[in-house]
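FYI, the numbering just counts along the sequence from 1. All of these numbers come straight from a predicted model, not from anything done at the bench.
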Amino acid sequence: MDELVKLLGNELYSQVKSKIGERGLIIDTGMLIPKHRFDCVNISLKEHKQTVISQKQRIAELERIAEEFTAVKRRNEQLSDEVIILTEIGKCGVKNILTVRPLINTGERHGAALKKSVCNQLKNIMSAQPYLFGESRVSYMLVPCAAVRNTENKNE
């Protein structure tokens, strides 16, 4: 109330007090904020919290998808390497691919290095175990799924 007395002066303050009575006066010291503004900030805060929760869920979903993608990519590389190995084995005129495949050591090679390594290993196997190679009745041809070819002999 002292601030109000300083602002209005003693004479005006006594007139205001006599007009209002004993109800008292509230003076804004800058510490109070309007309720409407508080409600707006509170609603905004709740919306931001919901946004954070939904973004965390989305991040978890994307991390799961990234892990699946990594696993599929790794499996695709393994299958690509296996296609290279089986193609090189098939080119050598092997009698049974399933007999020769376990003899090939791939290590950590991929692509052209893997192909060169398989060819060298096949040469060594041919010289050490020639009975695994020779004329075979079945011809193996690995073809991508998108380009299926007919491998049967039409003369038979």
Nearest-0.5 Å distance that lies between atom [atom1] in [X] and atom [atom2] in [Y]:
X: Thr51; Y: His48; atom1: OG1; atom2: NE2; value: 7.0 Å
X: Ser54; Y: Lys49; atom1: OG; atom2: NZ; value: 14.5 Å
X: Ser44; Y: Lys46; atom1: OG; atom2: NZ; value: 11.5 Å
X: Ile89; Y: Lys91; atom1: CD1; atom2: NZ; value: 12.0 Å
X: Ile85; Y: Ile97; atom1: CD1; atom2: CD1; value: 11.5 Å
X: Cys92; Y: Leu132; atom1: SG; atom2: CG; value: 11.5 Å

Common cluster, Leu98/Tyr131, ILVMFWY with side-chain heavy-atom separation under 4.5 Å: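 No, separate clusters.
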message: One thing to verify: whether Glu67 and Arg64 come together as a salt bridge, which I'm taking to mean a side-chain N less than 4.0 angstrom from a carboxylate O.
response: no
Do [X] and [Y] have side chains that approach each other closer than 4.5 Å (heavy atoms only, starting at C-beta)?
X: Ile84; Y: Val118; answer: no
X: Leu103; Y: Gln129; answer: yes
X: Leu86; Y: Arg101; answer: yes

task: Taking Ser117 for its side chain and Ala113 for its backbone only, find out whether a donor-acceptor pair lies under 3.5 Å.
output: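 Side chain of Ser117 to backbone of Ala113, a donor-acceptor pair under 3.5 Å: no, none is there.
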- prompt: Can you check whether Lys115's main-chain N or O pairs, donor with acceptor, with Glu88's side chain at less than 3.5 Å?
  reply: no
field: Least distance between heavy atoms, Val94 atom then Phe133 atom
entry: CA-CD2, 3.9 Å
- request: Could you tell me which non-hydrogen atom of Ile125 sits nearest to which non-hydrogen atom of Ile104, and how far apart they are?
  value: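 Heavy atoms of Ile125 and Ile104 come nearest at CD1-CD1, 3.8 Å.
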CG/Asn120: more than 12 non-hydrogen atoms of other groups inside 6.0 Å: yes
- prompt: Are more than 12 heavy atoms from other residues, nucleotides or ligands located less than 6.0 Å from atom CD of Glu11?
  reply: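 Not buried by this count: 12 neighbours or fewer within 6.0 Å.
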task: With Ile53 as reference, evaluate Lys56, Gln55, Gln57 under the side-chain contact (heavy atoms from CB on, under 4.5 Å) test and give the passing residue.
output: Gln57
- prompt: Can you name the side-chain hydrogen bond (donor to acceptor under 3.5 Å, both in side chains) partners of Ser14, sequence neighbours left out?
  reply: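 Applying side-chain hydrogen bond (donor to acceptor under 3.5 Å, both in side chains) to Ser14 gives none.
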